[in-house]
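Okay, so here's the structure we're looking at.
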Amino acid sequence: MKANDFKQGLKTKYIGQNIVYVEEVDSTNNLAKKSEAKHGTVFIADRQTKGKGRLGREWVSENDGLWMSVCLTENIPSSNVSSITLICGIAVCRALNRLCNINTMIKWPNDIVINGKKLTGILVEAVTEAGSVTKVVAGIGINVSADNFPGELKAKATSLLIETGNTYKREDVARAVFEELEHYYNRFIHGGMEDILREYESLCANIGKQIAIIKGEEEINGFARGISENGGLVVEINGELTEICSGEVSVRGIYGYV
Ligand code: BTN
């Protein structure tokens with residue numbers, strides 16, 4: 001596979017127009033953060049030796065997935081980088097549904113889930129200089145052709161192959177994500193977050209459900225009620241609405257992973 005294979009027929013102006021493709025790296029997010037790459041450049045690896053997940057977790061990255069990081073350096077919102085997290089969630093969800101004719105949803109903040117299992121993880125990291133954000137790296141890990149998962153992942157993780165019975169080319173999956181991500185990023189630049197938020201809510205699997213909010217050893221039960229303007233999850237706990245931020249907590253369904 002070559003960098004150019006990802007660009008065949010690509011209909012974007014900036015996302016994916018520059019591709020850095022490597023066979024192996026510790027983490028594509030680390031590579032992207034260290035680079036001087038321009039807006040829209042995507043770093044893709046066959047394998048990651050230290051793939052990173054949210055909240056310091058490991059992200060297992062063998063040869064069977066699409067592991068990539070998109071560099072965004074223009075029009076970054078100064079006060080609310082977490083809106084980019086939501087944009088990535090919608091874009092990946094829409095891309096997979098369109099390409100594979102499936103019905104994935106988002107588990108706040110940005111796991112892409114289907115049939116109660118996780119298909120994709122997204123880790124957005126900000127690079128700051130002199131106190132302001134100069135670059136956002138959106139790391140996206142999509143399980144493409146894994147036919148099973150080890151240990152406790154078996155109950156929680158799934159792949160495009162498992163869900164559809166089809167082996168998708170990573171290039172095709174990547175192109176679909178680039179196109180949707182550019183569409184939603186442009187919409188966000190021109191129109192702000194308002195209508196994107198409503199669309200996010202409509203794709204969000206946990207809204208209206210009873211959830212457990214987990215912060216370290218602490219676990220609180222509540223009902224997910226909506227998404228705030230800051231991209232936080234609005235939760236009803238003991239009859240009171242409160243907003244929780246994605247940086248601190250993980251959320252799971254009371255009756256299963258979602
Ligand atoms: C999560 O669900 O916890 C987020 C997982 C993010 C994984 C992707 S794979 C490409 C990029 N590089 C990394 O090290 N992590 C992200």
Side-chain angles (χ1 to χ4, degrees), residues 1 3 6 15-16 19-35 37 40-72 81-82 84-93 95-96 104-114 116-127 135-146 149 152-153 155-160 170-171 173-174 176-178 181 204-206 214-215 231 233 245-253 257-258:
M1 197 168 54
F6 290 89
I15 296 201
I19 302 264
V20 179
Y21 163 70
V22 294
E23 284 183 6
E24 187 174 285
V25 69
D26 57 347
S27 153
T28 53
N29 268 28
N30 291 350
L31 200 57
K33 283 200 292 181
K34 281 188 293 205
S35 77
T41 302
V42 184
F43 293 78
I44 304 178
D46 282 345
R47 290 177 301 283
Q48 299 183 114
T49 52
K50 276 202 181 137
K52 298 188 287 184
R54 282 186 66 237
L55 307 172
R57 295 181 189 129
E58 180 197 7
W59 181 262
V60 179
S61 321
E62 310 288 346
N63 284 328
D64 45 18
L66 177 61
W67 322 126
M68 61 183 186
S69 301
V70 183
C71 278
L72 298 167
V81 172
S82 61
I84 295 181
T85 297
L86 305 193
I87 292 168
C88 292
I90 303 187
V92 176
C93 185
L96 296 179
T104 67
M105 294 191 83
I106 305 167
K107 172 179 170 283
W108 182 89
N110 49 12
D111 290 353
I112 306 301
V113 295
I114 181 165
K117 290 186 175 176
K118 176 162 167 172
L119 180 59
T120 294
I122 300 172
L123 175 67
V124 175
E125 296 186 87
V127 176
K135 174 168 27 177
V136 170
V137 170
I140 300 168
I142 304 177
N143 298 322
V144 178
S145 51
F149 290 88
E152 61 175 28
L153 277 184
K156 290 194 226 164
T158 190
S159 71
L160 291 176
R170 286 180 295 173
E171 298 89 314
V173 179
V177 172
F178 299 163
L181 189 54
C204 192
N206 21 30
I214 301 141
K215 186 175 181 180
L233 185 67
C245 300
S246 61
E248 309 155 2
V249 297
S250 69
V251 157
R252 68 173 160 67
Y257 172 67
V258 180

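First listed ligand is number 1; within each ligand, the first listed atom is number 1. This chain uses plain numbering: 1 for the first residue, then up along the sequence.
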Atom pairs, nitrogen or oxygen, ligand 1 to protein, under 3.5 angstrom:
unit_1, atom_1, unit_2, atom_2, d
ligand 1, 2 (O), Lys118, NZ, 2.5
ligand 1, 3 (O), Arg54, N, 2.6
ligand 1, 12 (N), Thr28, OG1, 3.1
ligand 1, 12 (N), Gln48, OE1, 2.9
ligand 1, 14 (O), Ser27, OG, 2.8
ligand 1, 14 (O), Gln48, OE1, 3.4
ligand 1, 14 (O), Lys52, N, 2.7
ligand 1, 15 (N), Lys52, O, 2.8

- Message: Students often mix this up, so state it plainly: with edges at 30° and 60°, are the rings of Trp59 and Trp67 parallel, tilted or perpendicular?
- Response: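 Perpendicular: the ring planes of Trp59 and Trp67 meet at over 60°.
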- For Lys52, check side chain to side chain donor-acceptor pair (under 3.5 Å) against everything at least two apart and list the hits.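 Applying side chain to side chain donor-acceptor pair (under 3.5 Å) to Lys52 gives Asn30, Glu125.
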- Identify the heavy atoms of Ala138 and Asn29 that sit nearest to each other, and give their distance.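 Of all heavy-atom pairs spanning Ala138 and Asn29, the closest is C-OD1, 4.3 Å.
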- So how far is it from Leu153 CG to Lys117 NZ, rounded to the nearest 0.5 Å?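 Going from the CG atom of Leu153 to the NZ atom of Lys117 covers 10.5 Å.
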- Query: For Glu62, does the CD atom sit with more than 12 other heavy atoms under 6.0 Å from it, leaving out its own atoms?
  - Reply: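 It does not: Glu62 CD has 12 such atoms or fewer within range.
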- Query: Taking atom types as modelled, is there a side-chain donor on Glu24 or Thr49 under 3.5 Å from an acceptor on the other?
  - Reply: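 No, Thr49 and Glu24 have no side-chain donor paired with an acceptor closer than 3.5 Å.
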